[in-house]
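Just so it is clear, the values below take in all heavy atoms, side chains as well, and ignore hydrogens, waters and symmetry mates. Just so it is clear: chains get the letters A, B, ... in the order the sequence lines come, proteins before strands, and each one is counted from 1.
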Amino acid sequence: MQYWLMKTEPSEYSIDDLKRDKVEHWDGVRNYQARNMMRADMKKGDLAFLYHSNCDEIGIVGLMTVAREGYVDHTAFDKKDKHYDPKSDKDNPRWIMVDVRYKRKLKRTITLAELKQHKKLVDFQLVQRGNRLSIMPVSKNDWDFILTLE
DNA sequence: GCCAACGTTGGC
DNA sequence: GCCAACGTTGGC
């Protein structure tokens, strides 16, 4: 059982969209590190924070579970898709996605600014300089601590 | 809108 | 394999 944090821009897809959809495939990840984690490490039943980036209130907004383990991201083959990748070969697909299931919204947004203030979280990847990964692991200690802030 | 950080591409 | 140029992310 592992813990994760997954970023999304709420203008593209938000916690409320996931609440409505209940289960959604997490397509469009075009970063090898993130892909490798989805392919090898994310297991059904793992818990994840949903994080809103690039918006007015940046931070962790909800919880979800991994509903389906890594499988081919078909949007890479769709010329009309925003995340179309001409280099991904159908016989040897380059990109992977998982399905996530809505669990609940947090009572409030735990903002990035707030997370940065806690000494306990100095090793949390999210608050480290230059971090750009859209999917990252969260240690159990950090996970538990962050939930006490809610 | 700016820009630092970082990933990817492609010439050599 | 190196590295400069370029593109993207994402906070501010």
Take the protein atom [atom1] of [X] and the nucleotide atom [atom2] of [N], then report the distance between them rounded to whole Å.
{"X": "A:Leu112", "N": "C:dG10", "atom1": "CG", "atom2": "P", "value": "11 Å"}
{"X": "A:Arg132", "N": "C:dG7", "atom1": "CZ", "atom2": "C1'", "value": "9 Å"}
{"X": "A:Asn31", "N": "B:dT8", "atom1": "CG", "atom2": "C1'", "value": "11 Å"}
{"X": "A:Lys7", "N": "C:dT8", "atom1": "NZ", "atom2": "P", "value": "17 Å"}
{"X": "A:Gln125", "N": "C:dT9", "atom1": "CD", "atom2": "C1'", "value": "15 Å"}
{"X": "A:Asn54", "N": "B:dG1", "atom1": "CG", "atom2": "C1'", "value": "12 Å"}
{"X": "A:Leu5", "N": "C:dT9", "atom1": "CG", "atom2": "P", "value": "17 Å"}
{"X": "A:Asp85", "N": "C:dT8", "atom1": "CG", "atom2": "P", "value": "12 Å"}

Touch class at under 4.0 angstrom, heavy-atom based, for A:Glu9 against every strand present: nothing

Close side-chain approach of A:Val138 to A:Leu126, heavy-atom, < 4.5 Å: no

Are OP1 or OP2 of [N] and a side-chain N or O of [X] less than 4.0 angstrom apart?
{"X": "A:Lys116", "N": "C:dC12", "result": "yes"}
{"X": "A:Arg129", "N": "B:dA5", "result": "yes"}
{"X": "A:Tyr51", "N": "C:dT9", "result": "no"}

Upstream residue (5' side of DNA chain B) when A:Arg94 and A:Asn131 are each assigned their closest nucleotide: A:Asn131

Plane angle bin for A:Trp143 and A:Phe49 - parallel if under 30°, tilted between 30 and 60°, otherwise perpendicular: parallel

Residues, nucleotides or ligands: over 12 heavy atoms within 6.0 Å of A:Arg30 CZ: yes

A:Arg68 to A:Tyr71 six-membered ring, cation-pi geometry met (6.0 Å, 45°): yes

